[in-house]
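Following: one structure in structure tokens, then a few remarks.
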Amino acid sequence: MGAGRRTCGMLLTFRESVADALRAALEARDLPTDDLGIEEPPADVDAVLASSVAFRLAGDLGAPPPEVAAELAGDVDADDHRFLDRVEPNGPYLNFFPDEAYFRETLSAGLDDDYGRLPDRDTSVVVEHTSANPTGPVHVGRARNPIIGDAVANLLDYAGYDVDRHYYVNDAGRQIAVFTWAYETFDEADLPDPARDRAEYRMVRYYRKGNEFLEEAPDPEVEAAEAEIQAILQGLEAGDEAAYERVGEVVDAVLGGMRECLARLPAEFDEFVRETRFMRDGSTDDVVARLKDHDRSVYEEDAWQLTFEEIDKNLVFLRSDGTSLYTTRDLAHHEWKFANYDRAVTVLGEDHKLQADQLRRTLRMLGNDVDALENVIYSYVDLPEGKMSTREGTGVQLDDLLDEAVARAREEVESRLDDRLRSDELDADDVDRIARQVGVGAVRYDIVAKQPTKGITFEWEQALDFEAQSAPYVQYVHARCCGILNEAGDREPTPDPAPLTTDAERDLLRAVARLPGVVADAADDLEPHRVATYTRELGDRFNRFYRECPVLGADDPETVAARLALVAAARHAMANALDVLGVEAPRSM
RNA sequence: GGGCAUGUGGCCUAGCGGACAGGGCGAGAGGUUCCUAACCUCUAGAUCGCGGGUUCGAAUCCCGCCAUGCCCGCCA
């Protein structure tokens with residue numbers, strides 16, 4: 001399906017028409033047009049868009065809002081505007097109704113597999129997400145990052161941006177030096193069995209052992225260890241190849257395992273960008289040199305620091321021992337992003353907000369256009385008893401959550417096999433497929449459907465509740481669409497809205513028409529959860545249609561063909577909305 | 001102490017300046033000779049944390065307070 005068929009969407013076009021029409025009517029009367037008050041009306045109003053301008057103009061015109069609305073409705077010339085059929089006053093509101101072309105084109109656009117994708121914007125954006133330190137298994141506390149990050153990247157991709165997904169790898173920090181020292185020092189025989197037979201689970205045992213040692217061992221032994229850790233850090237700073245290799249071995253192993261875990265979501269990356277890259281290529285040194293020359297930098301307590309006007313906390317950018325810090329390297333990293341991309345989006349936990357704020361201000365001081373940088377901030381998922389920690393080994397691993405979710409989904413599928421009304425048979429592969437799609441989908445949907453800033457306390461029962469407003473509800477709609485389309489045989493969909501006369505059909509069609517607008521708006525605000533809200537609304541509409549309107553058993557062939565087109569459009573809208581969320585759309589359930 | 005975020009029926013959540021605050025779970029009552037009942041219908045349940053303010057209009061904006069979380073490291 002070609003990009004040539006991608007459109008900005010009927011609703012977006014209709015929205016522009018409504019704005020143009022209303023603006024023209026207001027200008028003709030010399031009224032202000034700065035706030036047209038265009039909104040989507042409540043569900044029980046048939047109009048597709050409405051305006052509340054009449055409230056604002058009532059004062060100027062010296063008439064009550066309903067009178068103003070009635071007059072303005074008379075002024076609007078619907079004929080001149082694409083998709084606009086008519087405008088009707090309704091109390092103080094103006095209700096705008098689209099014409100049949102709007103519905104016909106929605107139906108027609110909906111036949112495309114790519115429905116919901118917006119035209120290419122010729123703008124590149126790098127989405128950095130996850131970027132968890134390669135110290136051990138991915139736990140649920142930070143699982144929000146890949147799930148939200150992947151959805152943000154998908155969303156921007158659908159909205160027409162050229163998206164690259166990056167994982168920024170901390171391979172230069174103290175934690176990794178500790179890890180490397182511990183890996184080289186301790187004997188596997190002294191470690192507990194790994195919780196799972198995969199690299200990061202085996203490796204994290206050294207990390208935990210090392211941290212434990214540094215906390216509990218006698219001082220002389222700790223000092224010796226610290227000297228070794230320092231040697232690794234200094235080696236990296238000095239560009240010592242041997243140091244890079246030692247660290248690289250640990251990082252590669254752990255990261256390899258973490259990637260396997262993330263791939264289950266699936267969250268995949270175009271590039272793993274290593275911090276050490278910006279040490280080796282000299283750009284961190286360059287940043288340090290420029291910062292030293294800056295008016296707001298000071299040399300205090302043997303370290304170079306940057307002061308801020310509005311932040312009471314200095315940013316140390318060069319330690320007293322001459323080594324750089326995470327943020328120093330991140331500055332070089334971001335200048336590299338600016339050089340290679342039009343926009344940069346970073347998904348990060350709320351604990352990084354201060355650091356992100358300092359980073360942004362410092363980048364501006366260094367002469368960068370920081371409008372290109374946007375953050376998506378999320379709160380961590382905590383356990384009822386507190387925070388999850390890789391170092392302390394507290395927390396629920398993402399692998400375990402996914403395993404449990406898939407297992408429960410399998411139980412559900414199997415328990416339903418007996419009382420299926422449907423004649424088709426699900427074989428063992430179907431059961432596997434459905435269990436995975438539903439189980440993983442439920443976990444992702446549960447996370448991505450919520451506003452990221454809200455805190456989540458992890459509870460098994462809640463995370464695995466398939467009954468609630470969840471992935472299966474919305475996935476089931478897709479499966480139902482596929483079921484109908486599969487049985488249609490040689491009866492072809494026809495994108496003609498004329499036979500679609502019931503409220504249930506029109507409501508569904510209106511919901512289908514909204515997808516491109518939802519994608520555009522959600523992408524503008526980097527809010528993928530709005531797409532999840534949309535899937536629920538689309539699902540509600542579809543289920544009502546399904547109940548009230550037989551498709552294959554409709555009275556005449558024209559209605560069958562039109563309803564088939566509506567089902568196909570609903571299917572593509574749902575499949576692509578789910579694709580944005582990173583949730584699979586099952587063909588059968 | 002300072003900064004940032006969050007606070008919507010028992011629980012989870014949408015809405016974030018406009019039409020009666022939508023859903024879901026849980027509770028109660030129903031629906032399947034018909035394209036998959038992982039569905040649908042109905043009932044009960046909300047001082048939108050509290051108090052002020054701005055506005056024709058506030059869950060939504062502003063101020064204060066309370067509660068919770070995060071941050072305030074030459075860690076990341």
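What you see below is based on every heavy atom in this structure, not just the backbone, and it leaves out hydrogens, waters and symmetry mates. Protein chains get the first letters and strands the later ones, always in sequence-line order, with residue 1 at the start of each.
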request  = Validate the cation-pi geometry between A/R480 and A/Y546: distance from NZ or CZ to the six-membered ring centre under 6.0 Å, angle to the ring axis within 45°.
outcome  = yes

request  = Give a yes/no answer on whether the side chain of A/R547 brings an N or O atom under 4.0 Å of OP1 or OP2 in B/C39.
outcome  = no

message = Could you tell me how far B/C20 sits from B/C62 if I compare only their C1' atoms? Round to whole Å.
response = 27 Å

inquiry  = Can you build the contact string for nucleotides 7-15 of chain B? Use B for base contact, S for sugar-phosphate-only contact, and - for no protein heavy atom under 4.0 Å.
reply    = S----SSSS

ask   = How is A/F55 classified with respect to the nucleic acid when contacts are heavy atoms under 4.0 Å: base, sugar-phosphate, or nothing?
value = base

inquiry  = Please determine whether a side-chain nitrogen or oxygen atom of A/N543 lies at a distance below 4.0 Å from atom OP1 or OP2 of B/C40.
reply    = yes

request  = Kindly indicate, with the supporting measurements, whether the criterion side-chain hydrogen bond (donor to acceptor under 3.5 Å, both in side chains) is fulfilled by A/Y445 and A/T535.
outcome  = CA-CA 11 Å; A/Y445 194 88; A/T535 59; 2.8 Å; yes

message = For A/E505, give me all partners under side-chain hydrogen bond (donor to acceptor under 3.5 Å, both in side chains), at least two apart in sequence or on another chain.
response = A/T502, A/R563

inquiry  = Taking the basic N atoms (NZ, or NE/NH1/NH2) and the acidic carboxylate oxygens, is any pair closer than 4.0 Å for A/R361 and A/D357?
reply    = yes

message = Is the phosphate of B/A76 approached by A/Y326 (side-chain N or O, under 4.0 Å from OP1 or OP2)?
response = no

remark   = When rounded to whole Å, the OH to C1' distance for the pair A/Y546 and B/C39 reads 8 Å

Atom-pair distance (CD on A/E39; P on B/C16), nearest Å = 10 Å

task = Give me the residues of residues 128-138 of chain A where at least one heavy atom lies under 4.0 Å from an atom of RNA chain B, by number, or none.
result = A/N133

